[in-house]
Amino acid sequence: MPGKSFLELNSPTIGEFNYPSNPHGAPALQHPDPEKETFVPLIEGQISMYCCGVTVYDYSHLGHARCNIVWDTLRRYLQWRGYRVRYVQNFTDIDDKILNRALQEGTTMEVISETYIAAYLEDMGRLNIKEADSYPRATHTLDGIKQLIHELEQKQMAYASGGDVYFSVRKFDGYGKLSGRTLDDMEAGRSGRVDVPATSDGSPPEAAKKRDPFDFALWKAAKPNEPFWESNWGNGRPGWHIECSAMVRDEFGDTIDIHMGGADLQFPHHENEIAQSESATGKSLAHYWLHNGMVNVGGEKMSKSLGNFTTIRQLLDEGGVEPMVLRLFLLQGQYRKPIDFTDEAIAATVNGWVTLQEGLRFADQFGSQLGWSGERDRGREDRDALELDAVDRFIAAMDDDLNTSGAIAILYELAKELRRVGNILTHEGKLDADAQVLQRQWHTLGVLADILGLKAEPETAPASGLSDAAIEALIQQRTCAKQAKDYAASDRIRDELKTQGINLIDKPGDVTLWTRS
RNA sequence: GGCGACAUGGCCAAGUGGUAAGGCAAGGGUCUGCAAAACCCUCAUCCCCCGGUUCGAAUCCGGGUGUCGCCUCCA
């Protein structure tokens, strides 16, 4: 059991994750029918997580945002459950697309990748995604990559051919076990998008160097004027799949607990990782494989190649969408299912976030009035500070294959109650609830929201330049106008204040309350 | 062609054998000079279709239909 955490007291078991696990030859893999399986870490109390990251040649889009938000949330949750988590995510900084972009812009691959790594970290930071414990890069992993390829060659699982090195897919028995396919069932290139373009430099096309169409490149010979690394096979650069195998090994060893990535990586990327790593080590690469569903636009996958993507910064900067709205939107669906990105859905989420945010800010607004400070420094393990019923239901939802949608429903319950009480306080000036219970609800809301990475910024300073005294004076004028039944004048004052973000609330007896929105 | 996933109200989305959470939107009401805010209430006899199992199914089984993903690169 994971260390000392209050959750241990509540719930002796942890999560169920819906995907096939991957111990070598485990029955679950012969029947890839996803069955939920109780999560058990390799080492008690510790969890190793590796997430396939991005190729850094452009700004990240909403699909990347989803992947990062979902796995960041899983990480936060497991940490909160008391596990020590080590989280690693790679940057692919060797790739044709980076190379092309460098060529286009008359610069180097390093400049391009540095630029977009910085942009990536900035974007993800805005979405409140915790930084990984390590961000290995392909260009920093060459030794490990070459070593792995060498071992595969020695084990006769790989062969050199025309300066390239390929993995012999058919020699690996379990190939296809993760995605539930067999080589014989698949027709290579069936998608109809695989052409074998003639190479410009007259070198043989890749297909001609492969012994089997399913074989994939571990090492690619450098073309003229391309950056390269020296190797036993000649100057070249690593293929894509091999970097992850090498990085996992460097960072963690042979086997990790959880390997994550987008559903589009399941085949062939993850399948290839398994083939490489398990051929080399003879051990299972990862015990759990988790794949997040795609972000769709009009029912189609958002992707670079379809050109239907929105970058994170476009949405946040040009679209004026708050980062937490995007986060909430992407967590509203279960992580495995596709989620449709529409203006309407974002608009609905904006309203939803207002509600949650009001709840999270409750203490700023009413805490002192109720005699409790807004500080949230009571320990998270302090059961007395939490609304245990809500916490239990939250845990039950999250344990069930990360049901964030169900978990968010609990946040709404808490936030709506706080908002209701807050509004009554504002409008009626009285309290119809127990102050201590409210404090507990607010504290709980904050703790649970934090697990989902949802964070309310403190309310910004009022936009209005009007001083309280000036506002009071205008209200006084308005009251006089009302008493004189000069409603045109009174409404003018109301409208004017409204444009300054001041809302007036009329009460019986010519009393007018005001709030800054 | 193969493999995989999904189909719940206007939109989003839980629920996986015991009689449909939640959010958004909408409608009605209270209040009000008006308006806004606020508060209260309502909103799927039904879960893509057809069979079957069961005392009982959105939930299990069989068969359809539709949508999407993967079989280049992709989160």
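Note: hydrogens, waters and symmetry copies are ignored here, and every other heavy atom, side chains too, is used.
Using atom C1' as the reference point in both B/A57 and B/G22, the two lie 23 Å apart (nearest Å). Comparing the same atom, P, in B/C40 and in B/C47 gives a spacing of 32 Å after rounding to whole Å. Taking atom C1' in both B/G15 and B/C6, one finds a spacing of 16 Å when rounded to whole Å.
Ring-to-base geometry does not place A/Tyr412 in a stacked arrangement with B/G22 (centre distance under 5.5 Å, plane angle under 30° required).
In this structure, A/Phe267 reaches the sugar-phosphate backbone alone: every heavy-atom distance under 4.0 Å involves primed, P, OP1 or OP2 atoms, never a base.
Geometrically, A/Arg75 engages A/Tyr87 in a cation-pi contact, judged by NZ or CZ lying under 6.0 Å from the ring centre and within 45° of the ring axis.
Between A/His269 and A/His241, the two ring planes are tilted [angle within 30° to 60°].
Under 4.0 angstrom from either OP1 or OP2 of B/C70 there lies at least one side-chain N or O belonging to A/Lys301. Remark: A/Asn403 is in phosphate contact with B/G15, judged by side-chain N or O atoms under 4.0 Å from OP1 or OP2. Within the structure, every side-chain polar atom (N or O) of A/Thr349 is placed at least 4.0 Å from both OP1 and OP2 of B/C11.
A stem is defined here as three or more consecutive Watson-Crick or G-U pairs, each with both distances under 3.5 Å; for RNA chain B these stems are B:1-7 with B:65-71, B:10-12 with B:22-24, B:26-30 with B:38-42, B:48-52 with B:60-64.
For B/C70, its base sits under 3.5 Å from the side chain of A/Arg181 at one donor and acceptor pair at least. With hydrogens and angles left out, the side chain of A/Arg494 and the base of B/A35 share a donor-acceptor pair within 3.5 Å. At a cut-off of 3.5 angstrom, counting only N and O atoms as typed in the model, there is a donor on one side and an acceptor on the other between the side-chain of A/Asp491 and the base of B/G33.
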